[in-house]
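Quick notes on the structure that follows.
All of these numbers come straight from a predicted model, not from anything done at the bench.
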Amino acid sequence: ITPGCPGLWNDAQEAAWRRIVEFVHQRSDAKIGIQLGHSGAKGSTQRGWDAIDHPLPADGPEANWPLVSALPQQYLPGISAWAREITRAEMEVVRDEFVASTERAAAAGFDWLELHCAHGYLLSSFLSPLTNQRTDGYGGSLANRLRYPLELFAAMRQAWPAHLPMSVRISAHDWVEGGITPADA
């Protein structure tokens with residue numbers, strides 16, 4: 001979401017996470033999990049202690065990066081940068097990036113993996129009928145809105161060790177008429 005958020009998309013991050021996981025495993029019987037997500041329209045914002053949910057500057061060392069979502073949207077109307085609709089080709093790239101991060105999480109020694117599909121993140125934008133009004137096979141019915149997150153989950157599950165648990169975090173209610181309901185969840 002911000003330049004200060006942790007990640008798992010390069011060797012240095014994997015090595016840093018491995019040190020943390022090994023520290024936990026060496027000092028306790030505790031299990032340690034990791035949550036992987038894509039910020040979607042919620043991203044490219046300032047750190048929480050600067051101006052939470054407000055966009056990064058247009059230029060400079062920590063400039064705005066392009067945002068994608070199920071459809072064009074602003075996370076905070078009138079404040080956030082606009083996300084554009086993610087293309088099918090970009091959806092495949094994002095899927096492959098999730099798989100690569102999943103492989104890094106396994107290599108770092110995590111005991112559990114959670115796919116983040118909630119709170120305005122990219123995958124949440126596919127699940128909610130409020131933010132997903134696509135006219136292709138990824139919009140419309142609940143089954144279609146689930147299609148992309150399920151594709152990601154299946155690809156990640158193939159990369160994640162079979163003996164280790166994997167879960168999904170969702171927003172179970174949009175609290176807005178026409179949004180996700182507990183029955184959808």
Would you check, one step at a time, whether the test side chain to side chain contact (heavy atoms under 4.5 Å, CB included) holds for Gln46 with Thr2? CA-CA 6 Å; Gln46 298 177 46; Thr2 78; over 6 Å; no
Within this structure, what is the OG1-CZ distance for the pair Thr131 and Phe126, rounded to the nearest 0.5 Å? 9.0 Å
CA sep, side-chain torsions, deciding dist, call: Val99, Gln158, side chain to side chain contact (heavy atoms under 4.5 Å, CB included): CA-CA 9 Å; Val99 168; Gln158 287 295 311; over 6 Å; no
Begin from the C-alpha positions of Leu113 and Leu36 and carry the test side chain to side chain contact (heavy atoms under 4.5 Å, CB included) through to its verdict. CA-CA 7 Å; Leu113 176 69; Leu36 297 178; 3.5 Å; yes
Residues Glu103 and Ala159: closest non-hydrogen pair is CG-CB, 3.9 Å
Roughly how far apart are Glu177 CD and Leu130 CG, rounded to 0.5 Å? 10.0 Å
Among residues two or more places apart or on two chains, list those pairs meeting side chain to side chain donor-acceptor pair (under 3.5 Å) that have a residue in residues 104-118. Asp11-Arg104, Glu14-Arg104, His25-Asp111, Gln35-Glu114, Trp112-Ser167, Glu114-Ser167
Minimal heavy-atom distance between Ile170 and Ala118, with the atoms involved, is C-CB, 3.4 Å
Which atom of Ser69 lies closest to which atom of Leu122, heavy atoms considered: CA-CD1, 3.7 Å
Which atom names give the shortest non-hydrogen contact between Leu67 and Ala41, and what distance separates them? CD1-O, 3.8 Å
Ring pair (Phe, Tyr, Trp, His ring centres under 6.0 Å): which pairs involve residues 72-103, sequence neighbours left out? none
Counting neighbours of CD on Gln26 that are heavy atoms of other residues, nucleotides or ligands and sit closer than 6.0 Å, is the number greater than 12? yes
Nearest 0.5 Å, what's the CG-NE2 distance between Leu152 and His38? 10.0 Å
In short, Tyr148 meets Arg95 closest at the heavy-atom pair OH-N, 3.7 Å
Is the backbone N or O of Leu8 less than 3.5 Å from a side-chain atom of Ser101, with the two atoms forming a donor-acceptor pair by type? yes
How many angstroms lie between atom CG of Leu123 and atom CZ of Arg169, to the nearest 0.5 angstrom? 13.5 Å
Who are the side chain to side chain contact (heavy atoms under 4.5 Å, CB included) partners of Arg19, not counting sequence neighbours? Ala15, Ala16
Tell me the closest heavy-atom pair linking Asn144 and Asp136, and the distance in Å. ND2-O, 4.4 Å
Please verify the inter-ring angle class for Trp175 with His173; under 30° counts as parallel, over 60° as perpendicular, anything in between as tilted. parallel
Main chain of Val176, side chain of Asp174: is a donor-acceptor contact present, judged purely on distance under 3.5 Å? no
Please collect all salt bridge (Lys or Arg N to Asp or Glu O under 4.0 Å) contacts where either partner lies in residues 74-84, sequence neighbours excluded, each pair once. Arg84-Glu90
Which residue pairs pass the ring pair (Phe, Tyr, Trp, His ring centres under 6.0 Å) test when at least one of the two sits in residues 46-72, sequence neighbours left out? none
Results of salt bridge (charged side-chain N to carboxylate O under 4.0 Å, His left out) for Arg88 - residues two or more places apart only: Glu92, Glu151
Rounded to the nearest 0.5 Å, what's the gap from OG on Ser124 to CZ on Arg145? Could you check? 11.0 Å
Given side chain to side chain contact (heavy atoms under 4.5 Å, CB included), test Asn132 with Ser128 step by step and report yes or no. CA-CA 6 Å; Asn132 182 355; Ser128 176; over 6 Å; no
